[in-house]
Amino acid sequence: MGSISDTLWDVVICGTGLQQSLLALSLSRSGKNILHIDPNDYYGGAEAAFSLQEAESWVDRLATEDKGLFRSASITKPDVAGLSFPRAYSLALAPQLIHARSELLSQLVSSRAYRQVEFLAVGSFYIFKAPLDPAQQPSLVRIPSTREDVFSTTAISAKAKRGLMKFLKFVLDYDSPEQRDAWKPFVDKPLVDFLQEHFKMDAELKAYIIALTLSLDGRISTEDGLSIIYRHLTSMGHFGPGFAALYPKWGGISEIAQVACRAGAVGGAVYMLGAGIKSMATATDEVELELTSGDKVKTKLLVRGDGSVGDEPSISRLVAVVGSPLKSLFESTIEGAPTPCVAVVVLPAGSLTISGVANTFPVYVFAHSSGTGECPNGQSVLYLSTMATSNSKEVLSRALESFFSAVDHDQVPQCLYQLYYEQAAGVKQSRLDQLTLDLPGPSLSLSMDDTLLKHVREAWKKVVGDTVDDAEYMVFTDREPVDDDDFE
Amino acid sequence: MADQGGSNHGIARTSRTRTEEQRQKDLERIKDYRGLEDQVRHHAAKNDYSPDVFALTSKLLRLNPEYYTVWNVRRRCIISGLLSKPSPGSSPSKASPTSSPTATTTTSSADFSSSLSTETLPAPESRTTGKSGTTVEAEEEDEEQKQQTRQQHQQNDQQILQKELHFTIPLLLESPKCYWIWSYRLWILKQVIERLSVPVARMIWEEELGLTSKMLLRDQRNFHAWGYRRHVVDQLESPELEGKSLVESEFEFTTKKIEQNLSNFSAWHSRSKLIPRLLDERNADDEARKAFFEEELGKIGEAINVGPDDQSLWYYHQFLMLNLVHFVGHPTITPAFTQEERVTYLRREIEGIQELLEDYDDAKLIYEALFDYTLYLCQLQERKPNEQEEEDLRGWLGSLKKLDPMRSGRWADLERDLGLRVTREV
């Protein structure tokens, strides 16, 4: 077996973030010579999941770099007991939900990689309601998204329920010619405006709808908003009753990246962690790379993740470990439905006051039970996200407090650990520069954004060329016969 | 073999296109199947219902649960071999041996029956004299032995019967609407009542109730499961199983099903059937009945509010309205309502439904309901529609004609019957 310098690689992939890993998966049966490297000593890149130890190293490293996508990271450990040992935690940098109808899932199924991932159900979406009387405690109201939900909820008037039903019916048909006529004038305008003009929706219903879109600035366009709600509604019940989205156990998207890399390795790709690109030179039809490990390699194509900062706004994130199982959030509402391990709580714009000023942007709290494998039993992990602003760190702090008082009226849950950071948006387009392909930066979307999949597909095409039929993309058969026959 | 005709309520059934390889495989499978079938028929023709044949029926039924003749062969195997014979002179047997068609046939080499004493011990001769003390003791001993035998029989039978129930489960999961499997289960369950002690029989029937709940969870609109459930409930309530009324829990069950899926026609229907007995058992007085009626109106109102296009909801609503209107000679929720109260409730419903039109102006079932209920009101007050009502009826018919042009004949008939013919274009 020769050294890696002897081979003229068909492709060197740098970085094991989601997109690069999916590329490795897509090429895992191609027979191509693939060298897959990552300068970090862990898989997942910007979508990695960290033990407490790894989180600390990461924060220390960021303190010395400031050009990357992540910045302003810090860790706070309150002086309370209860925090378990570092490896008991797996804090996800990308805690995105994956809707049941998402293209990613179809690809994971057709490529058979889904078998390696344990998917958990994302349960209820809640909206945070500030109390009418400031002396009272705030509450969480479940957002209805099915007809039966709307029937059962006591939080909305009969007339408002009719309005909501009409909207849900509209969305399920939103792509038809008649409905298109209704929303075409609002295509790029905010969805809230369309809801106001066309449906005369009151503030409360508008808040419910926007919450379902997971829009970080609350101003998602009509077209994008309708599309994401459509996806939510059609995903509901798709893989089983009572849930519309999934979440991979053991760290979310990082688990998908790892499984994809594993598939790549089984397919013959060579993996090297702790190796990045020190320098590169392009010849006529090959790229020469000197790796940080000292190795020199040659490849026909280099694929990297573009780590540069893009134009769109950054987000602020607070990851909080909580010393309570927050059971009320993870109750299954329907008989026969799996117990959810993720719950979504939305604090709309204007629902919080920080130094006398209301929050401009919504705050999204993704609550994870220990069922996600991200923390020990009896604890939970909260991922709070909001648009990055001059005071977004305080906004998240206040949101955490308010969330605590809303979720448990008897006993305020205790925070055992906090990780704060800001993440900039990456570039949105791929870039092909002679023999180097830079995939777009990681998405800041809180739900899996299928548009990034097309870049992976384009990269795949670049590697396999025209000899392979497009229909074969991510379509594999099981390597060993597997018995799929189960009754439930 | 699992594919059957009939609606599967949107649950996908697999269909396959075959390669030559698969065709060969299928030919093999057909050959095996025919072989099995021949064997079973051969043995049955000879009245051979031995354990071997029993095993053959297991194989064959797994491949084709619809083969009802083979289920009958299995029944015969069970009765003639595996289950205990009722012993003469034992306590009043709940089993009527004549119910099994094979009572007259005897098996040959049934290992099971030969290992068990299926005959009673011969009655002690001294029984007939009945005077001395020894006779009483002998009688007591006799009774004890009969008890033991009975217990042994019951234990054996319980095992056999439960195994049979277990055997049908995977078949049911694959073919949830196969009549023959349900029928076999029922037959086994009947044997349970006849042969086992009441506590054991009850326990098994309660498990059966749990099974119907599971089946209804998998497919809420499986009407086999609903009908079957009613039968199971009837048995559990019967004196044979020392039963008490299950009407409250069954009512609660329909509530749960409705909350899971409003369009569950069977659940609403079941609910309506349970109400008369429910109220009777609660000894509901007029106040309680009124409260109950209002609660049901509220519930169906909420449902129609979010599902105005759902026929099953309107059927239930009509059931409640008929409670107001057709109360002579019919079991009714609120027999004590005065004429005034009936009119008030009907009017209130009509108004409430009209409100729905604000948001659902194209739901034809709303117009139909308004039309029907206005006529109900007139019926109740024994009068013809007044001018305003005629205008409303005309208007609603007009909407119906637009929304449901396929039934234009029906709308025209209604128009004519009520003398509502429109003299100008609406």
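First the proteins, then the strands, lettered A, B, ... as listed; each starts at 1.
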Problem - Gap between atom OG of A:S157 and atom CG of B:N305 - 0.5 Å precision - result: 8.5 Å

Handout entry: Note, B:S263 side chain near A:R147 side chain (heavy atom, < 4.5 Å)
Key = yes

Problem - Within 6.0 Å of OH in B:Y315, more than 12 heavy atoms from elsewhere - result: no

Practice task
Count the heavy-atom pairs under 4.5 Å between each of A:R162, A:M165, A:E148 and chain B, then report the option with the highest count.
Solution key: A:R162

Problem - B:F167 atom CZ, over 12 foreign heavy atoms within 6.0 Å - result: yes

Handout entry: Residue A:E178 excluded, over 12 heavy atoms near CD under 6.0 Å
Key = yes

Handout entry: Distance in Å, A:T146 OG1 paired with B:N261 CG, rounded so as to fall on 0.5 Å steps
Key = 9.5 Å

Problem - Residue B:L217 versus chain A: region with a heavy atom under 4.5 Å - result: side chain

Problem - B:K25 atom NZ: more than 12 heavy-atom contacts under 6.0 Å - result: no

Exercise for the section: Please check if atom CD in B:E295 has more than 12 non-hydrogen atoms from other residues, nucleotides or ligands closer than 6.0 Å. Expected result: no

Handout entry: Proximal component of B:K299, with respect to chain A [non-hydrogen, under 4.5 Å]
Key = both

Exercise for the section: Considering only heavy atoms and a distance below 4.5 Å, find which of A:A158, A:S152, A:G242, A:G163 pairs most often with chain B. Expected result: A:A158

Practice task
Show the numbers, then the answer: is there a side-chain contact (heavy atoms from CB on, under 4.5 Å) between A:K161 and B:E302?
Solution key: CA-CA 9 Å; A:K161 285 190 184 189; B:E302 282 285 345; 2.9 Å; yes

Handout entry: Minimum-distance pair of heavy atoms, taken over all atoms of B:D359 and A:K166
Key = O-CD, 3.0 Å

Handout entry: Whether over 12 other heavy atoms sit under 6.0 Å from A:K169 NZ
Key = no

